[in-house]
Protein chains: 2
Amino acid sequence: MPHTTASIINQCRESGLRRTKALELLIDTLLSSPRPMTLAELSEHKNLNTQCDRATVFRLLQRLTDKAVVRRLGLHERAAYFTLLLEGRHQDFLICSECGKIEPIKAPCPVHALEREIASSTGFTELYHELEFFGICPACSK
Amino acid sequence: MPHTTASIINQCRESGLRRTKALELLIDTLLSSPRPMTLAELSEHKNLNTQCDRATVFRLLQRLTDKAVVRRLGLHERAAYFTLLLEGRHQDFLICSECGKIEPIKAPCPVHALEREIASSTGFTELYHELEFFGICPACSK
DNA sequence: ATACCTGCAAAGTCTTTGCCTTAGG
DNA sequence: CCTAAGGCAAAGACTTTGCAGGTAT
């Protein structure tokens, strides 16, 4: 079952959001990106820049984060990153401290067992994790 | 061999930093904290607030990060967190999405093997990682 | 009709820098 | 002495909000 703009919009509608042009464009844009994007990247993206205000994108991302349709990530930058929360598609990242390039890691994430253990030992609920590797990429280390 | 203010200051001196009052106070404060601290927390801390300007603390943290004496962490907040980089003392964190409380995780970190694998398969150097668990803590979930 | 959304503009929050003075080695 | 470090104040970067008008349902 592929993730489509339509199916995600439906999910939003079911959470009580209205179907607006901005929502559609935003979902489209996020879906087309292989990696998380910042608010600035999103609102300057060709899909969105003439279509809606940055504040609108901001508030949309806020609502979508509340509804667990997108996730907000730190990634160590000044700006926050956003990515669609697609079922069964957890991603960890490898980031160059020098040039800032972000790439998803292919290897399976080794943290899920610990996550369950922490959930039961601490009583935290709705647990998830964020794992990032930082280092100097080959291009920058020259 | 315990980590002391004196030993860390020596490390700084060896990296070319001068021994100043502000440096001493900052190291002291970081050393006394069980968890990472923000610039604001540091510069408002009773040790520092009357002793030196926030810009000074900022620039010190910058230099110390360069010299790998402290590490700058994301932790998903608006503000950056700083912690001493003590030999053999890697920490992962558990953070409440609701109240923001940050606690170090006791369990051994399961990521080091993957880290080595990534280093060799991607050619990244000076690799390190940051692992955070987010969820709702027992107090907030009531 | 009526909540919800949007755009615009302004205000916040945290970080970063310039410039001149102070002090470590 | 000479250069790194500090203080003060101002500028940046990114986020967040108030308000008036627009729109999905």
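Any value given below was found using the heavy atoms of this structure, including those in side chains, with hydrogens, waters and symmetry copies removed.
In this model, a side-chain donor or acceptor of Arg18(B) finds a partner on the base of dT3(D) within 3.5 Å.
The interatomic distance linking Arg54(A) (CZ) with dT15(D) (P) rounds to 8 Å, in whole Å. At whole-Å resolution of the value, CZ in Arg63(B) and C1' in dA4(D) are 7 Å apart. Regarding His76(A), its NE2 atom lies at a distance of 12 Å from the P atom of dT15(C), rounded to whole Å. Rounded to whole Å, the distance from CZ on Phe58(B) to C1' on dG12(D) is 11 Å. Leu61(A) has its CG atom 16 Å from the P atom of dC14(D), to the nearest Å. Note: CG (Asp53(B)) to P (dA10(D)) measures 13 Å, nearest angstrom. Between Arg59(A) atom CZ and dA9(C) atom C1' the separation is 11 Å, expressed in whole Å. Distance, Arg19(B) CZ to dG25(C) P: 8 Å, rounded to whole Å.
Defined by atom type and a distance below 3.5 Å, a donor-acceptor pair is present between the side-chain atoms of His76(B) and Glu130(A).
A sub-4.0 Å separation between OP1 or OP2 of dC14(C) and a side-chain N or O of Thr38(B) is absent. Close to dG7(C), at under 4.0 Å from its OP1 or OP2, lies a side-chain N or O of Thr56(A). Residue Arg78(B) has no polar side-chain atom (N or O) positioned under 4.0 Å from OP1 or OP2 of dG12(C).
Nucleic acid contact class of Ala22(B) (heavy atoms, under 4.0 Å, all strands): sugar-phosphate only. Using a 4.0 Å heavy-atom distance criterion, Gln51(A) is classed as a sugar-phosphate-only contact.
Contact check for Arg54(A) versus Glu44(A): side-chain heavy atoms found under the 4.5 Å cut-off.
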